[in-house]
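For reference, the structure is listed below as structure tokens.
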Amino acid sequence: MAAASPFSVVFVVVISILGSTGYAQLCPNFYSKSCPKVFSTVESVVESAVSKEPRMGASLGCDGSILLDDTSSFTGEKTAGPNNNSVTGFEVVDAIKAEVEKVCPGVVSCTDILAIAARDSVVKLRGPDWDVKLGRRDSKTASLSAANSGVIPPPTANLTQLINRFAARGLSAKDMVALSGSIICWKNMIIW
Ligand SMILES: *[C@@H]1O[C@H](CO)[C@@H](O)[C@H](O)[C@H]1NC(C)=O
């Protein structure tokens, strides 16, 4: 068969279309048309929360699925062992989401809001700045049992346990220190 038969050309085109639409690329200007005020809106709520309580900066930026309250079809992750009475800042995330919904209803995902809030918190606390890539989709479900399965280090974990939990996700002790130091939220980080 000739290398450039019509069939193989069509096949390659189909694969390229799948390739370009099947794997969403995150980018900082994802909402530049649909919600141009997303950055300033998130930043102003983070600014006010962190100026009232600097430790709030360390609480913002945790994984999106923990935000989901229990529903009739699943029990969420807020009361999972490693999270119960440990994770804080839900009211700030809710306040940010409410403000973002006012300026562009139904556009920005909660997980993107968290990613922006995490960066803004670090900047407010005089840490480094970076471009936040956006375009994540929110989970519509959560799993109490998955959150309790031993993947998430509880606040009571000792150093060896922390190192082991990170190693199980392919992260070194150095990675752990860098991530914990920048976000100060080793529970429920986006990687879990
Ligand atoms: C979570 O904490 C609350 C308040 O301390 C407690 O009443 C509840 O039993 C805890 N839930 C779990 C699943 O441990």
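Start at 1 and go down the list; that is how both ligands and their atoms are numbered.
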Query raised in the report: Would you say the side-chain atoms of S145 and S143 include a donor-acceptor pair closer than 3.5 Å?
Result: yes

Query - Donor-acceptor pair between T141 and S139 side chains, under 3.5 angstrom - result: no

Requested in this report: Assess whether atom CG of D131 is packed by more than 12 heavy atoms of other residues, nucleotides or ligands within 6.0 Å.
Outcome: no

**Report entry** Reported CZ-to-SG distance for the pair R136 and C110, which is rounded to 0.5 angstrom
**Finding:** 12.5 Å

**Report entry** Lys/Arg cation over aromatic F30: K133, 6.0 Å, 45° cone
**Finding:** no

Query raised in the report: Can you name the residues that come within less than 4.0 Å of ligand 1, going by heavy atoms only?
Result: T79, N84, N85

Query - Heavy-atom closest contact (P155 atom, S86 atom, distance) - result: CG-OG, 3.3 Å

